2 protein chains.
Amino acid sequence: MNRKQNTQTKGLARQGITTLFRVREQVYGGLNEVLKPFGLTEPKYNVLRILGGIGNEGLPTLEIGSRMITRIPDVTRLIDRLKADGLVARERCPVDRRIVRAKLTTKGKKILQKLDGPINKFQLKYMSFLTDKELNSLIMILAKFPK
Amino acid sequence: MNRKQNTQTKGLARQGITTLFRVREQVYGGLNEVLKPFGLTEPKYNVLRILGGIGNEGLPTLEIGSRMITRIPDVTRLIDRLKADGLVARERCPVDRRIVRAKLTTKGKKILQKLDGPINKFQLKYMSFLTDKELNSLIMILAKFPK
DNA sequence: GGAAAATATCTGTTGACACAACTATTGTTG
DNA sequence: CAACAATAGTTGTGTCAACAGATATTTTCC
């Protein structure tokens, strides 16, 4: 009986992980479709959203990296690309000259605003498969995983 | 009240997606750590697992692609790499010469066997944060999303 | 105050991914 | 049965990601 339980739990664990991966892939694809017409990818959008959520003073490179959902080891060149797109600007901190802060340009702020509607629509669309109760459960259950 | 509800749901939808992404990232990272000592990545392992789950006759390239969890547009070169590792073999179907089947080599089968323990351990480790009931709920809720 | 450690970022390089165009083979249809 | 469409894979090309090592600046500790 103990063995049976264990076998069952094993199967469930596998199934849980597989389903988690599959659904994430689905939602991730949907997000990238929303972003594509704007010339953005998920990691790029991630940075913009992080910078949009704070004040006008910007954030140091590593701080951006640590706040990202998708772990990216090379934030420098991700920001290089955003800079090439004209969406962020860089400035070296005068107090501690090791630090480089990135902040949104006007163009970056505008694109975030323009994304607001489509992103909201996307979020509601993909979560519409769940009732509010299920959505709450999902969040609660996923919150049990350690950061 | 309707507006309030709506705003709340919006926030929940955002939170649900963010948490989903974050947890997947965590688990995905854990999986890749298990695979790394074996010279594998998640997509590579994914292919091996798919080929291991069927008989000895192998599967056509596109069929492998459609069964993968992570959507990969370029299965050909993924299999190229697995072939270079000596883990899969290719053979052109004599009946329909458009089709190329990939199948596990002995080395590929062996590495899957060697992975069996570590992968099981990994799965149980990451799902140990949940009770069986929560794990069941998670699977049930995630199953509501369309394929 | 100067050497060593720590911090913050950048660069080089290699391999992997993404999108599109291309080839080869088979199926369909007038 | 010839032409066109459909199917199955492959290849070309540019971009991106991953890992390691290098650089610049500040902090720490004798």
Side-chain angles (χ1 to χ4, degrees), chain A residues 25 28-48 50-51 57-85 87-103, chain B residues 21 25 28-33 35-48 50-51 57-85 87-103:
Chain A
E25 197 65 17
Y28 192 82
L31 176 54
N32 272 306
E33 266 183 48
V34 173
L35 297 175
K36 203 172 177 181
F38 296 85
L40 294 176
T41 58
E42 190 277 333
K44 277 184 175 181
Y45 171 64
N46 209 187
V47 173
L48 295 184
I50 289 167
L51 292 178
E57 68 284 355
L59 277 182
T61 308
L62 288 185
E63 179 63 24
I64 294 174
S66 74
R67 293 194 190 192
M68 292 198 54
I69 296 175
T70 318
R71 193 179 90 41
I72 296 266
D74 193 355
V75 185
T76 299
R77 271 176 283 209
L78 179 53
I79 293 179
D80 280 350
R81 275 171 251 136
L82 285 169
K83 193 185 165 190
D85 295 340
L87 301 179
V88 309
R90 272 188 173 124
E91 55 188 20
R92 197 164 279 277
C93 174
V95 179
D96 185 339
R97 293 182 41 72
R98 287 171 302 183
I99 297 176
V100 174
R101 277 182 215 287
K103 51 183 270 189
Chain B
F21 282 7
E25 197 65 18
Y28 192 81
L31 176 54
N32 273 306
E33 265 182 50
L35 297 174
K36 203 172 177 179
F38 295 85
L40 293 176
T41 58
E42 190 278 334
K44 277 184 174 180
Y45 171 64
N46 209 187
V47 173
L48 296 185
I50 289 167
L51 293 178
E57 70 282 356
L59 276 182
T61 308
L62 289 186
E63 179 62 24
I64 293 174
S66 74
R67 293 195 189 190
M68 293 198 52
I69 296 176
T70 317
R71 190 186 138 285
I72 296 265
D74 193 355
V75 185
T76 300
R77 271 177 283 210
L78 180 52
I79 293 179
D80 280 350
R81 274 171 252 135
L82 285 168
K83 193 184 164 191
D85 296 340
L87 302 178
V88 308
R90 272 187 173 126
E91 57 188 18
R92 196 165 281 275
C93 175
V95 180
D96 184 340
R97 291 183 41 73
R98 288 171 300 184
I99 296 176
V100 175
R101 279 182 214 288
K103 51 183 269 189

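Predicted, not measured: the structure shown is a model, and the values here were computed from it. Protein chains get the first letters and strands the later ones, always in sequence-line order, with residue 1 at the start of each.
One finds the OG atom of B:Ser66 at 8.5 Å from the CG atom of B:Leu59 (value rounded to the nearest 0.5 Å).
Under 4.0 Å is where a charged nitrogen must lie from a carboxylate oxygen, and between A:Arg77 and A:Asp74 at least one such pair does. We find that A:Asp96 and A:Arg101 are not joined by a salt bridge, their nearest charged nitrogen and carboxylate oxygen being 4.0 Å or further apart.
Shown here for B:Pro94 and B:Arg97, the closest heavy-atom pair between the two residues is O-CG, 3.8 Å. The minimum heavy-atom distance linking B:Ile69 with B:Asn46 is given by the pair N-OD1, 3.1 Å.
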Query raised in the report: Where do B:Lys103 and B:Glu57 land on the side chain to side chain contact (heavy atoms under 4.5 Å, CB included) test, with the steps shown first?
Result: CA-CA 7 Å; B:Lys103 51 183 269 189; B:Glu57 70 282 356; over 6 Å; no
**Report entry** Evaluation steps, side chain to side chain contact (heavy atoms under 4.5 Å, CB included), between B:Glu42 and B:Thr70
**Finding:** CA-CA 9 Å; B:Glu42 190 278 334; B:Thr70 317; 3.0 Å; yes
Report task. For side chain to side chain contact (heavy atoms under 4.5 Å, CB included), just list the numbers for A:Leu31 and B:Phe21, CA-CA rounded to whole Å, side-chain angles, deciding distance to a tenth of an Å, and then say yes or no. Result -> CA-CA 11 Å; A:Leu31 176 54; B:Phe21 282 7; 3.8 Å; yes
Query raised in the report: Is there a side chain to side chain contact (heavy atoms under 4.5 Å, CB included) between B:Leu87 and B:Lys44 once you walk through the steps?
Result: CA-CA 10 Å; B:Leu87 302 178; B:Lys44 277 184 174 180; over 6 Å; no
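Projected onto DNA chain D by closest heavy-atom contact, B:Leu59 and A:Pro73 fall at different nucleotides, the more 5' of which corresponds to B:Leu59. In this structure, B:Thr61 and A:Arg71 both approach DNA chain D, and ranking their closest nucleotides by distance from the 5' end singles out B:Thr61. Remark on DNA chain C: of its neighbouring residues B:Lys44 and A:Lys36, the 5'-side contact belongs to B:Lys44, judged by nearest-heavy-atom nucleotide.
If you walk DNA chain D from 5' to 3' and mark each nucleotide with an atom closer than 4.0 Å to a heavy atom of chain A, the marks span D:dC16 to D:dT26. In the 5' to 3' direction, nucleotides of DNA chain C lying under 4.0 Å from heavy atoms of chain B begin and end at C:dA16 to C:dT26.
Using a 4.0 Å heavy-atom criterion, one finds that A:Arg77 contacts the bases of the nucleic acid, with or without backbone contacts as well.
Taking 4.5 Å as the limit, every side-chain heavy atom of B:Glu91 sits out of range of all side-chain heavy atoms of B:Val100.
The stretch residues 90-101 of chain A comes close to DNA chain D through A:Val95, A:Asp96, A:Arg97, A:Arg98, each having a heavy atom under 4.0 Å from the strand.
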